[in-house]
Amino acid sequence: MDACPNCTAPREAGAILCKFCNTPMVQDLAKEAVKCPQCATYNDIRATNCTKCKAWVVVKCVFCGAVSPHHFSHCAGCNEAFAGAMERFQARREQAESQQRMQLLSSVGGVAAAFLGAAAGSALTDSGHHHHHDHDFDDGVAHRSTGRRHRHHHSGDDSGSSWTDVFSGDDDSPPGGEGGGLMDSLLSSDDDS
């Protein structure tokens with residue numbers, strides 16, 4: 001109604017009762033009006049503040065954030081009961097945080113296990129490489145030292161043949177004899193001339 005059915009006074013925005021004669025301007029006050037908890041003035045069900053004292057006539061749901069008239073037993077948005085709502089909200093939040101911690105620990109544990117496994121594999125691989133390199137190093141030293149010994153031995157074999165052997169003959173043969181060397185041949189050719 002836009003006007004009071006009793007005195008025909010215009011209806012004020014948000015008001016349920018006529019301000020002049022207190023006649024209800026709705027058919028069902030329980031369903032269409034909300035009574036202010038502070039001054040007991042009836043207000044439109046859609047009002048958030050009392051039209052007379054400006055007090056809040058709605059409550060906000062801690063679960064979904066919707067507002068409902070304060071005399072409702074359940075949230076008009078998510079149907080959660082207002083009685084004990086804060087305790088239930090805290091319990092659910094703690095449960096959710098506990099689950100998040102467990103998931104975080106599980107994921108961190110998986111990453112740590114993978115990291116330790118990779119580190120262990122890397123350590124084993126490095127150990128194998130070091131052993132292989134040491135073996136190669138030892139083989140290389142052995143080959144080089146063997147080569148030096150071989151070359152030294154070879155030069156020792158050559159020490160039996162010296163330049164004096166080329167230019168001289170047998171020590172027991174006389175100069176110019178059958179066992180004479182290159183020097184003997186040169187000397188004998190000078191004598192012939």
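Nothing fancy with the numbering, it's 1 onward along the sequence.
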Measure across Ile16 and Glu32 and return the closest heavy-atom pair with its distance rounded to 0.1 Å. CD1-O, 3.7 Å

Assess, by modelled atom type and distance only, whether the side chains of Arg93 and Gln90 contain a donor and an acceptor separated by less than 3.5 Å. yes

Tell me whether Arg88 contacts the main-chain N or O of Arg92 through its side chain, where contact means a donor paired with an acceptor under 3.5 Å. no

Inspect the surroundings of CD in Gln27 and state if more than 12 heavy atoms from other residues, nucleotides or ligands are less than 6.0 Å away. no

Where the side chain of Ser106 meets the backbone of Met102, is there a donor-acceptor pair that is under 3.5 Å apart? no

Evaluation steps, side chain to side chain contact (heavy atoms under 4.5 Å, CB included), between Phe82 and Cys75: CA-CA 7 Å; Phe82 287 122; Cys75 173; 4.1 Å; yes

Taking C-beta and beyond as the side chain, do Asp2 and Pro10 meet within less than 4.5 Å on heavy atoms? no

In terms of heavy-atom contacts, Cys64 and Cys61 come closest through N-SG, 3.5 Å

Could you grab the distance from atom CH2 of Trp56 to atom CG of Asn49, nearest 0.5 Å is fine? 4.5 Å

Ile45 to Val34 - nearest heavy-atom pair and separation: CA-CG1, 4.3 Å

Roughly how far, to the nearest 0.5 Å, is the CD atom of Glu12 from the CG atom of Asn43? 11.0 Å

Is a side-chain donor or acceptor of His70 paired with a backbone partner of Lys35 at a separation under 3.5 angstrom? yes

Shortest non-hydrogen contact between Pro69 and Val59, atoms and distance: O-CG2, 4.2 Å

Is there a side chain to side chain contact (heavy atoms under 4.5 Å, CB included) between Thr41 and Cys53? Walk through the geometry before answering. CA-CA 9 Å; Thr41 301; Cys53 70; over 6 Å; no

Heavy atoms of Thr51 and Ala15 approach each other most closely as CG2-N, 4.2 Å

Would you sort out whether Phe89 and Glu80 count as a side chain to side chain contact (heavy atoms under 4.5 Å, CB included), showing the intermediate values? CA-CA 10 Å; Phe89 177 76; Glu80 281 282 348; over 6 Å; no

Pair Arg11, Asp44 - check side chain to side chain contact (heavy atoms under 4.5 Å, CB included), show working. CA-CA 11 Å; Arg11 180 181 179 179; Asp44 188 282; 3.5 Å; yes

Donor-acceptor check, side chain of Thr23 to backbone of Cys4, threshold 3.5 angstrom: yes or no? no

Please give me the minimum heavy-atom distance between Ala9 and Met25, naming the atom from each residue. O-CE, 4.1 Å

